[in-house]
Amino acid sequence: MYGMPGPHVIRGSVSLPEAELLWRFSRSSGPGGQHVNTSDSKVELSFDLAKTEALPEVWKQRALERLAGRLVDGVVTVRSSEHRSQWRNRESAAVRLAALLAEATAPPPKPRKQTRIPRGINERRLREKKQRSETKRGRSAQGWS
């Protein structure tokens, strides 16, 4: 078995701690080769978000809030079975988990600063509306006898 490539960075200098990752392997469904019935290529990667010390506290709270629907007792799980090799599925699951945590720990977007609509634009809109109204009124059958 090959070694896992370098640490999977969440953001900045924070990366997934290898010691806190729990890997589970099982037989994958779908097509395979000759050894499909004997190889455990499906990967489940679990990370205990509630107990981890690897994330800054602010990030952890943000992630716990945003991933609340995905968590089971504070643990987030990612599955991967799209590749036929376990190693590639491991890589895929780790990348997916890192991306999920990066998105969940991202700072909230800055609130939109309201701007005033320039008076000229509003006046032009109202003028065009009035013109359109006149055009449509002129199409009605009133006054035709």
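No chain of hydrophobic side-chain contacts below 4.5 Å, direct or via other Ile, Leu, Val, Met, Phe, Trp or Tyr residues, connects Phe25 to Leu22. Linking Ile, Leu, Val, Met, Phe, Trp and Tyr residues whenever their side-chain heavy atoms come within less than 4.5 Å leaves Val95 and Leu45 in two separate clusters. One hydrophobic cluster, built from ILVMFWY side chains closer than 4.5 Å, holds both Leu71 and Leu97.
Using a 4.5 Å cut-off on side-chain heavy atoms (C-beta onward), Arg24 and Val43 make no contact. The shortest distance between side-chain heavy atoms of Phe47 and Leu101 falls below 4.5 Å. For the pair Arg62/Glu65, no side-chain contact is recorded, criterion being any heavy-atom separation below 4.5 Å from C-beta on. Side-chain contact between Val78 and Arg70 is present, with heavy atoms from C-beta onward closer than 4.5 Å. The closest side-chain heavy-atom distance from Asn122 to Arg125 is below 4.5 Å. Here the side chains of Val76 and Leu100 are in contact, with some heavy-atom distance below 4.5 Å.
Closest heavy-atom contact between Ala63 and Thr105: CB-CG2, 3.9 Å.
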Which side-chain N or O atoms in residues 49-59 pair as donor and acceptor under 3.5 Å with protein atoms at least two apart or in another chain?
unit_1	atom_1	unit_2	atom_2	d
Thr52	OG1	Glu20	OE1	2.5
Thr52	OG1	Ala54	N	3.1
Glu57	OE2	Gln61	NE2	3.0

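Classification of Glu82 and Arg96 as a salt-bridged pair holds, one side-chain N sitting under 4.0 Å from a carboxylate O. At a threshold of 4.0 Å, the pair Arg132-Glu128 does not count as salt-bridged, since none of the basic side-chain nitrogens sits closer than that to a carboxylate oxygen.
Remark: Gln131 CD is loosely packed, at most 12 non-hydrogen atoms of other residues, nucleotides or ligands lying under 6.0 Å away. Counting non-hydrogen atoms of other residues, nucleotides and ligands closer than 6.0 Å to CD1 of Ile117 gives a total of 12 or fewer.
Expressed to the nearest 0.5 Å, how far NE2 of His83 lies from CD of Gln86 amounts to 13.0 Å. Atoms CZ and OG, from Arg90 and Ser85 in turn, are 10.5 Å apart once rounded to the nearest 0.5 Å. Put simply, CZ on Arg88 and OG on Ser81 are 13.0 Å apart, with the number rounded to the nearest 0.5 Å.
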Which is it for Glu123 and Arg127 under the salt bridge (charged side-chain N to carboxylate O under 4.0 Å, His left out) test, yes or no, and what are the steps along the way?
CA-CA 6 Å; Glu123 286 173 354; Arg127 195 171 50 247; 5.5 Å; no

